[in-house]
Number of protein chains: 4
Amino acid sequence: EDVQGRADSRRIPINKVGIKEVYHPVRVKDRSRGEQHTVASFNMYVALPHHFKGTHMSRFVEILHGNEREISVESFREILIEMTRRLDAQSGHIEMEFPYFVMKKAPVSGVESLMNYKASLIGEFHGGEPELWLKVVVAVTSLCPCSKGISDYGAHNQRSHITIKARIDGHMWLEELIDIAEQEASCEVYGILKRPDEKFVTERAYDNPKFVEDIVRDVAVRMNDEARVLAYVVEAENFESIHNHSAYALIEHNKTAEPVQGD
Amino acid sequence: EDVQGRADSRRIPINKVGIKEVYHPVRVKDRSRGEQHTVASFNMYVALPHHFKGTHMSRFVEILHGNEREISVESFREILIEMTRRLDAQSGHIEMEFPYFVMKKAPVSGVESLMNYKASLIGEFHGGEPELWLKVVVAVTSLCPCSKGISDYGAHNQRSHITIKARIDGHMWLEELIDIAEQEASCEVYGILKRPDEKFVTERAYDNPKFVEDIVRDVAVRMNDEARVLAYVVEAENFESIHNHSAYALIEHNKTAEPVQGD
Amino acid sequence: EDVQGRADSRRIPINKVGIKEVYHPVRVKDRSRGEQHTVASFNMYVALPHHFKGTHMSRFVEILHGNEREISVESFREILIEMTRRLDAQSGHIEMEFPYFVMKKAPVSGVESLMNYKASLIGEFHGGEPELWLKVVVAVTSLCPCSKGISDYGAHNQRSHITIKARIDGHMWLEELIDIAEQEASCEVYGILKRPDEKFVTERAYDNPKFVEDIVRDVAVRMNDEARVLAYVVEAENFESIHNHSAYALIEHNKTAEPVQGD
Amino acid sequence: EDVQGRADSRRIPINKVGIKEVYHPVRVKDRSRGEQHTVASFNMYVALPHHFKGTHMSRFVEILHGNEREISVESFREILIEMTRRLDAQSGHIEMEFPYFVMKKAPVSGVESLMNYKASLIGEFHGGEPELWLKVVVAVTSLCPCSKGISDYGAHNQRSHITIKARIDGHMWLEELIDIAEQEASCEVYGILKRPDEKFVTERAYDNPKFVEDIVRDVAVRMNDEARVLAYVVEAENFESIHNHSAYALIEHNKTAEPVQGD
């Protein structure tokens with residue numbers, strides 16, 4: 001007997017039901033090298049109408065195993081639609097989080113090294129066109145304008161995380177969001193820095209002090225200017241070097257729902 | 001010079017700015033013992049209008065230090081309003097997460113032991129009456145109906161987390177949400193179980209099998225019946241004993257926005 | 001001027017100095033498929049004699065970038081020796097932790113699915129032959145003998161982690177340690193189970209109850225019998241389904257230092 | 001029937017068996033205020049001889065509930081001995097980890113604020129006198145000497161964790177270890193800093209640059225000088241503001257086993 005397929009009389013639909021934290025190796029298309037191998041954590045859910053008792057949990061994992069193909073923004077949309085159909089659902093939701101690597105050149109020596117970013121693809125399908133969000137957490141340097149302004153020398157600085165989550169129309173590379181975050185920080189960070197590089201990033205951060213408020217605003221300006229971004233959430237978290245807590249700021253904006261902010 | 005008070009020309013308001021992960025000892029009012037001492041992690045944010053460059057980060061921490069009083073649902077609302085006013089903000093947001101303890105009696109022997117729960121108070125203030133959410137993560141036992149149905153003996157079971165987040169009108173104890181979660185699981189869990197207790201909970205779970213879908217629906221029915229709950233999110237996550245991933249379900253419902261679900 | 005190369009007068013040697021939590025994509029040789037792509041977190045340290053002020057941090061990351069080759073138990077030893085030499089050190093230490101995947105067949109249906117394991121290679125080099133440790137965390141099912149014994153029906157069971165860390169002589173596959181852990185649990189776990197598989201694993205666990213003490217002992221017997229294992233630490237942690245804490249046991253044994261335990 | 005008390009024929013003793021991650025509210029004696037309320041996570045283990053099948057897990061939790069008294073370095077030793085006796089064991093081990101708070105004065109304004117530290121008491125009992133370790137993780141500022149030396153202005157700095165674990169003879173306050181860590185960093189950190197304080201800490205860190213190697217050595221010198229410290233492990237981890245990984249160093253020394261290091 002199919003226990004999951006039984007009728008249910010509680011008259012309560014379920015928004016999301018499925019599997020959480022399934023790890024699976026994937027290949028992701030990247031801007032510079034064609035594709036990269038990484039390991040992703042998947043959350044896969046569908047909506048369940050009120051009259052069905054349960055969903056079929058094993059099908060979610062089967063879908064992962066059936067997709068040996070390279071994952072791109074385009075094929076992720078297809079997997080989302082396929083999952084929703086195979087589970088006979090009205091709507092589906094997939095989150096895929098993975099370490100993502102970009103080869104960067106040190107600013108003076110040009111020495112190359114890999115930087116890692118925590119990236120996600122997040123898809124929502126309710127029929128019609130799937131909604132697709134890109135998300136990436138970018139480690140950067142922030143340097144405090146107040147500390148620089150009041151001190152005779154030096155200025156406290158620290159590692160910060162800039163998180164950009166953007167709903168996109170069409171195609172966008174994770175690298176494009178990463179570039180925006182790195183350009184709007186006090187300075188970007190690298191895997192390998194030789195001596196002249198370290199001098200460069202130290203002085204660059206000192207020349208370019210930013211509060212957490214400045215970082216989220218400067219990234220938001222860039223997101224407002226980018227036509228492929230339909231909605232976004234921008235966060236900055238400074239792991240303050242003079243405190244044992246973080247300074248934090250967030251801006252969210254849905255371009256499809258309201259006029260441009262600040263007017 | 002007050003760098004934070006400078007004018008800003010980017011015309012971008014900030015939804016949330018403040019401090020994150022500040023730890024502070026607190027006393028929380030509880031249902032049975034009057035109050036309990038615990039340690040909370042605070043996130044405290046205000047909205048910043050587009051024309052101000054920055055907020056005053058040190059004031060957030062000062063507010064924590066100025067509140068030696070016991071924290072209750074009522075005083076939490078006051079701290080939220082006080083923070084918003086002291087930061088000259090239009091809106092404020094506080095999240096306070098803490099381990100919360102309840103003394104429970106084992107089901108047969110009556111032996112008492114403390115159970116710990118991850119609890120949160122979350123407040124939003126936009127003028128008028130603050131919105132207050134209670135949130136609690138409750139560890140329980142779930143036992144799989146399918147495994148019981150198809151097996152000649154035994155049934156896989158596991159630790160599960162039921163998470164209830166509820167926007168409340170007036171006062172509600174965390175213990176009331178905990179009771180609902182524990183009553184709607186296959187069985188509740190305890191700090192100390194003697195032999196006859198262990199027999200009881202083993203048989204109780206076997207007599208009361210539930211899918212993750214059943215758990216969230218049965219909790220949702222209770223939340224629908226509770227007039228003080230204005231909106232809720234119910235989650236259940238089973239740390240499956242036969243898989244290396246979780247089964248998961250979520251129901252969310254805003255009673256103030258739509259007719260009752262399932263109709 | 002080379003600040004790191006300066007003399008130091010404190011007369012205190014440093015046991016370990018280097019970099020921590022560097023992420024890097026790697027290919028690892030596996031038993032069945034030749035190699036697999038994964039992402040590793042590296043800790044890389046050397047000892048620093050008392051008369052040197054500092055080490056050269058950028059060289060550690062350079063070593064990772066210089067090793068595009070597939071990583072195996074053999075090549076890991078070479079990287080360790082290379083690092084120690086390039087840093088002019090007397091001793092070196094590398095820890096490389098990564099998700100590792102094994103394709104498993106469900107016990108009745110034979111359906112294939114990937115299982116993920118948290119694996120590590122850990123190397124110590126003090127001149128001579130490097131010491132190499134394999135470590136793997138294996139998720140399994142444990143079923144409580146006491147609960148089964150006292151209950152009229154059912155028995156509490158849960159997900160457990162068996163961790164084996166073994167110093168090896170020559171070559172050993174991670175899969176060999178994984179096999180031992182899975183064979184000595186109440187039952188192994190899988191990514192995909194069809195209905196007859198779920199019946200099988202439910203009954204198999206019920207037929208094979210084990211305390212956390214039994215699990216570590218049964219794994220220790222296997223490690224004692226394996227000539228390539230020179231020393232080991234075996235841990236079992238049951239995420240108890242009737243409590244909100246874990247049951248835990250550990251056995252450690254160095255075969256090269258003492259006679260066989262229990263005599 | 002007492003399943004746990006049965007004989008066991010595998011002839012394998014177990015080094016540690018017990019419970020892990022039990023949360024319990026505690027009161028801890030502190031240097032300035034008499035006592036503070038906090039919440040601790042306990043790991044409690046005993047050794048099990050080869051001829052016993054299992055231990056009695058519920059007794060561990062009962063011991064926590066029977067100890068309503070304030071926990072100090074002295075009473076912790078008593079609980080350890082009591083646990084070992086009640087479990088009929090030859091040896092016992094307890095780890096108790098908790099957030100610990102110290103009221104600090106800002107360096108110029110004198111404004112008071114609480115700082116939080118992750119602290120642990122760790123006890124080992126094998127008959128005779130119990131071994132007691134204090135452990136504390138102290139967040140501090142580190143500023144890079146190399147970056148300062150090569151740059152025309154500025155210097156990268158960041159939050160760092162100094163971890164001191166010390167086996168002590170007699171009594172020692174956690175605050176004594178915290179003081180040592182904070183004094184040997186580039187600068188200490190605070191919960192609240194007013195403008196003149198921020199100027200002070202910025203300039204203080206710039207005047208006092210230290211590599212991770214310097215920090216562990218300077219703390220080790222202090223530990224060598226402290227007669228109540230019998231053995232220690234000192235770690236420093238810099239969450240580098242110019243990289244996405246940490247710089248790390250460790251010194252360990254057992255004064256009771258060898259002559260003073262560096263000779």
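Scope of the values below: all heavy atoms of this structure, side chains included, with no hydrogens, waters or symmetry mates. Throughout, protein chains are lettered first and strands after them, A, B, ... in sequence-line order, and every chain is numbered starting at 1. In this text the structure is predicted, and so the values were computed from the model without any measurement.
Using a 4.5 Å cut-off between heavy atoms, C:Y45 contacts chain D through its side chain alone, with no backbone atom that close. Proximity to chain D is absent for every atom of C:N43, based on heavy atoms less than 4.5 angstrom apart. Of the atoms belonging to C:V221, heavy atoms from both backbone and side chain fall under 4.5 Å from chain D.
At a heavy-atom separation below 4.5 angstrom, chain C is approached by no residue within residues 90-99 of chain D.
The shortest distance between side-chain heavy atoms of C:R85 and C:L87 does not fall below 4.5 Å.
Taking 4.0 Å as the cut-off between side-chain N and carboxylate O, C:E237 and D:K20 count as a salt-bridged pair. Under 4.0 Å is where a charged nitrogen must lie from a carboxylate oxygen, and between D:K210 and D:E184 at least one such pair does. The residues D:R228 and D:E176 are annotated as salt-bridged, a charged nitrogen and a carboxylate oxygen being separated by less than 4.0 angstrom.
Although no hydrogens or angles enter the test, the distance criterion places a donor-acceptor pair under 3.5 Å between the side chain of D:K148 and the main chain of D:Y206. Between the D:N208 side chain and the D:S186 main chain, a donor and an acceptor come within less than 3.5 Å of each other.
Ring centroid separation for the pair D:Y23 and C:H245 does not come in under the 6.0 Å cut-off.
A 6.0 Å sphere centred on NZ of C:K165 holds more than 12 heavy atoms belonging to other residues, nucleotides or ligands.
Ranked by heavy-atom pairs shorter than 4.5 Å toward chain C, the options D:V212, D:V17, D:L250 are led by D:L250. For the set C:N238, C:V22, C:V61, the count of heavy-atom pairs under 4.5 angstrom toward chain D peaks at C:V22. Put simply, of D:N244, D:V234, D:D218, the one with the most heavy-atom pairs under 4.5 Å next to chain C is D:D218.
Side-chain contact, C:N224 with C:Y232: a donor N or O sits under 3.5 Å from an acceptor N or O.
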